[in-house]
Amino acid sequence: MSHSTTLLDLLYASQASKELLVNELFDAASPATLFARRNRLCSGLDWFYYGGVLVVDGVLTLIGNNPVALTLAPGQTNYLEADRSGSVSANTTGFTPGSIPLYAVVTDASSVTGYTDYRAWAQPVDPTSQASVVVTTANVTLSAAEARCGYLITTGALTGHRSVIVPDHWRADVFCANNGAFTTTFRTAGGSGVVVGQGKRCLLRADGVNVVRVTPDV
């Protein structure tokens with residue numbers, strides 16, 4: 001929310017040691033710099049970022065400034081993202097469902113030519129949000145927005161055994177509202193999964209490889 005009258009301490013021409021106030025203001029605003037581009041260290045295809053504090057499943061997690069450059073692919077659009085642990089990576093395909101989108105960075109053979117900041121938020125799961133996914137004639141891969149929701153509902157009449165593909169690092173309360181003489185399995189793309197009974201709810205999480213139960217069906 002913007003105001004014509006600011007609540008911040010302001011700089012004046014007559015002030016001494018203006019750099020101290022500037023540093024204080026930046027320090028106060030530092031939560032907004034989490035995963036921000038650290039320009040003074042970036043060079044060529046090497047990308048650096050600032051750390052900060054990330055809330056992961058309700059736990060305050062300290063993310064340090066990256067000590068080693070993240071080297072971007074030349075001549076590509078690089079998609080920088082963080083997982084729920086705060087680890088940052090880049091790929092040239094697109095933002096991974098369930099990841100924290102950071103930047104889309106365009107490169108030429110030897111340098112960054114432009115980038116778009118996608119750091120609209122920096123929490124990998126919104127426990128208050130809900131998504132409904134129709135699962136009927138084919139397996140379904142969660143979108144990034146769906147994977148970030150804390151409560152997931154599957155609906156539709158199954159025509160065969162179906163899977164809901166979730167990110168490798170994921171957690172949600174699940175309600176299986178499917179019907180039909182088949183099963184709904186929640187699994188990662190490359191790992192094993194869990195069948196949730198129709199009309200049942202449970203808490204599931206992906207441990208980096210497989211989906212496992214946190215609670216039984218209720």
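Side-chain atoms are counted along with the backbone in the values below, which use heavy atoms only and exclude waters and symmetry mates. These numbers were taken from a predicted model, which means no experiment stands behind them.
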inquiry  = Could you go through V174 and V164, starting from their C-alpha distance and side-chain angles, then the distance that decides it, and tell me whether this counts as side-chain contact (heavy atoms from CB on, under 4.5 Å)?
reply    = CA-CA 11 Å; V174 170; V164 177; over 6 Å; no
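- The minimum heavy-atom distance between C149 and A172, with the atom names listed, is O-CB, 3.8 Å.
- The backbone N or O of E146 sits less than 3.5 Å from a side-chain atom of S143, completing a donor-acceptor pair.
- L45 and L41 fall into different hydrophobic clusters, defined by Ile, Leu, Val, Met, Phe, Trp and Tyr side-chain heavy atoms under 4.5 Å apart, directly or through other members.
- With rounding to the nearest 0.5 angstrom, the OH atom of Y79 is 8.5 Å from the CG atom of N91.
- Closest non-hydrogen pair, L34 versus G52, comes out as CD1-N, 3.5 Å.
- Summarising the geometry, atom CZ belonging to R187 is positioned 10.0 Å from atom OG belonging to S192; distances are rounded to the nearest 0.5 Å.
- If you check the side chains of D108 and T113, you find no donor sitting under 3.5 Å from an acceptor.
- At least one side-chain heavy atom of L204 sits under 4.5 Å from a side-chain heavy atom of V196.
- Distance check, rounded to the nearest 0.5 Å: CG of L8 to CD of E24 gives 12.0 Å.
- For R119 against Y103, the heavy-atom pair with the smallest separation is NE-OH, 3.3 Å.
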request  = Go through Y115 and L72 one step at a time and tell me if the side-chain contact (heavy atoms from CB on, under 4.5 Å) criterion holds.
outcome  = CA-CA 12 Å; Y115 57 86; L72 306 178; over 6 Å; no
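- Note that the CG atom of L158 and the CD atom of Q198 stand 6.0 Å from one another [nearest 0.5 Å].
- With hydrogens and angles disregarded, a donor-acceptor distance shorter than 3.5 Å links the side chain of T107 to the backbone of G75.
- A distance of 11.0 Å separates CG of N66 from OH of Y50, quoted to the nearest 0.5 Å.
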Pair Y118-F95, ring-ring contact (aromatic ring centres under 6.0 Å, His included): steps then yes or no = CA-CA 10 Å; Y118 285 99; F95 293 120; 5.4 Å; yes
